[in-house]
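Heads up: the structure comes next, in structure tokens.
Worth saying up front: this structure is predicted, and the values here are computed from it rather than measured. Quick note on labels: first sequence line is chain A, next is B, and so on, each numbered from 1.
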There are 2 protein chains.
Amino acid sequence: MTRAPLTPAAVVAEAAALADADGLEAVTLSAVARRLGVRTPSLYSHVRDHAALLDGISTLALADLTARIAQAVAGRSGRAALEGLLGAHRAFARDAPGRWQALQRRTGPDVARSDAARSLVVLTDAVLHGYDLPPGERVHATRLLGSTVNGYLTLERAGSFDHSEPSPDVSWGRTIDALDALLRAWPAAAPASAPKAD
Amino acid sequence: MTRAPLTPAAVVAEAAALADADGLEAVTLSAVARRLGVRTPSLYSHVRDHAALLDGISTLALADLTARIAQAVAGRSGRAALEGLLGAHRAFARDAPGRWQALQRRTGPDVARSDAARSLVVLTDAVLHGYDLPPGERVHATRLLGSTVNGYLTLERAGSFDHSEPSPDVSWGRTIDALDALLRAWPAAAPASAPKAD
DNA sequence: CCCCTAGCCTACACCCTTTAGGTCAGGGGC
DNA sequence: GCCCCTGACCTAAAGGGTGTAGGCTAGGGG
């Protein structure tokens, strides 16, 4: 009956679904094989090894995230675009926690060189285009934006905000306010870090 | 000869050293036992299980980090204190990468309730005291600061900054500039996100 | 019609976690 | 002073995950 052709893509997709359901640490070749109704060694025809499987999930996740962001920032600019960008990250982390986890790992070089990785940078850059940054500063702003959203979601998902009062949702709004304000009033390069004499 | 008493603290310390040397994923009970010259099952008298061992590393790491921060911000305020706070995080991530990794995991509740966790919040809060924030805003600023530094270091260590031009060190300086500027000109609460009526 | 290839299978070697139960040495009670 | 008891480490073993070697089968091309 040849019930399922079982391609590399199908294996990775199943692994991603498992990651979203049970966490990335639950993604073992054994578990994926079980879900596919296949014996473990059969997967090695489609995936090199465990690390390659995780890299596959990362690549898939990056493509998913980029697609969401593209949708969220389309036709918007300035603060609305910023909200879209950040919101897309957060929604992705909520809806696809396993894939999100996969993006936090140090991956093989293929992931960084993928089209999705490039698109993500381009999209973020486009959002920053709405703010009036000096050309050389855009990279720094991109990195800061990426750092903050990444860190926020990591801490939120790790429960680090569960031990103090205002709900993470409130801080999330204030974080967007703060980043928007920061991008509008981006400090000039080296204003106080390399003063002439005083 | 009773060569080594082998206490819970000694086991965790050895595990932390291994994590710093070979990465947190290399911390297995087997590997720790080998380093201690002991058979694996012997460790179970001192550590409940693998998860507890990792939690132990996290607690230790949090204490280490807090101590560094305390040192780095002592007697400083304003931007100098901010630099100290952020710099201590970064130095810790560089010097003790395994412990740093341990702080990124979702831990058991004991870690969050530890003295070190409380101290970390207090110290961060103290740094913010040098900036003139409305009382209700300090929590948000603390969270944003934590998010950004965490995210930055995660991305830096993951190599995410290796594919674009300026070195991470440059962006690090600009990040501090930006955060300093942001804290000085913190946007008023709910300027656009929850207006009364307009 | 036969063979060859592709894809899944069984068998196995190795490592890590965790439990069960043995052994030995040193300290407290008699 | 002797005996027992406890604590710390040990061996044995089960269970599950990774990864390799090699077999079986079915369908397509010569």
Side-chain angles (χ1 to χ4, degrees), chain A residues 1-60 98-99 101-102 105-108 110-111, chain B residues 1-60 98-99 101-102 105-108 110-111:
Chain A
M1 55 155 82
T2 337
R3 41 173 198 241
L6 202 54
T7 63
V11 173
V12 170
E14 194 64 39
L18 174 59
D20 288 338
D22 294 356
L24 192 63
E25 60 286 347
V27 176
T28 66
L29 286 174
S30 294
V32 173
R34 264 194 300 275
R35 283 174 69 112
L36 289 169
V38 153
R39 298 308 179 114
T40 309
S42 306
L43 297 184
Y44 285 87
S45 313
H46 306 287
V47 186
R48 188 161 30 78
D49 58 10
H50 188 217
L53 179 61
L54 296 185
D55 278 3
I57 300 179
S58 297
T59 304
L60 183 62
R99 290 162 160 91
Q101 264 183 290
R105 300 186 334 115
R106 173 164 213 138
T107 55
D110 300 351
V111 179
Chain B
M1 57 153 82
T2 337
R3 42 172 198 244
L6 203 53
T7 63
V11 173
V12 169
E14 194 65 38
L18 174 58
D20 288 338
D22 294 357
L24 192 63
E25 61 285 347
V27 176
T28 65
L29 286 174
S30 293
V32 173
R34 265 193 300 274
R35 283 174 71 112
L36 289 169
V38 154
R39 298 308 180 118
T40 310
S42 305
L43 297 184
Y44 284 86
S45 313
H46 307 287
V47 188
R48 188 161 30 78
D49 57 11
H50 188 220
L53 179 61
L54 295 184
D55 278 2
I57 299 179
S58 297
T59 305
L60 183 62
R99 290 160 158 92
Q101 263 183 290
R105 301 186 333 115
R106 174 164 211 138
T107 56
D110 300 351
V111 179

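Separating the CG atom of Leu6(A) from the P atom of dA26(D) is a distance of 18 Å, rounded to the nearest angstrom. To the nearest angstrom, P of dG7(C) lies 13 Å from CG of Leu43(A). One atom, CZ of Arg39(B), and another, P of dC15(C), lie 13 Å apart when rounded to the nearest Å.
Heavy atoms of Thr40(B) sit under 4.0 angstrom from at least one base atom.
Expressed to the nearest 0.5 Å, how far CG of Leu53(B) lies from CG of Leu43(B) amounts to 8.0 Å.
Judged by distance alone, with hydrogens and angles left aside, the side-chain atoms of Asp20(B) form a donor-acceptor pair with the main-chain N or O of Arg99(B) at under 3.5 Å.
When all heavy atoms of Leu24(B) and Arg105(B) are compared, the closest pair comes out as CD2-CD, 3.7 Å. Contact record, Val27(B) with Leu18(B): CA-CD2, 4.0 Å, taken as the closest heavy-atom pair.
In this structure Arg39(B) satisfies the side-chain contact (heavy atoms from CB on, under 4.5 Å) test together with Pro41(B), Ser42(B), sequence neighbours excluded. With sequence neighbours left out, the salt bridge (Lys or Arg N to Asp or Glu O under 4.0 Å) criterion links Arg35(B) to Glu14(B). Every residue two or more places apart in sequence or in another chain that forms a side-chain contact (heavy atoms from CB on, under 4.5 Å) with His50(A) is listed here: Leu54(A). Partners of Ser30(B) by side-chain contact (heavy atoms from CB on, under 4.5 Å), not counting sequence neighbours, listed by chain and number: Thr28(B), Arg34(B), Thr40(B).
Contact check, Ser42(B) against dA8(D): no side-chain N or O comes under 4.0 Å of OP1 or OP2. Between Arg34(B) and the phosphate of dC15(C), there is no side-chain N or O to OP1/OP2 separation shorter than 4.0 Å.
Of the residues in residues 22-33 of chain B, those placing a heavy atom less than 4.0 Å from an atom of DNA chain C are Thr28(B), Leu29(B), Ser30(B), in numerical order. Contacts of residues 44-60 of chain A with DNA chain C (heavy atom under 4.0 Å): His46(A).
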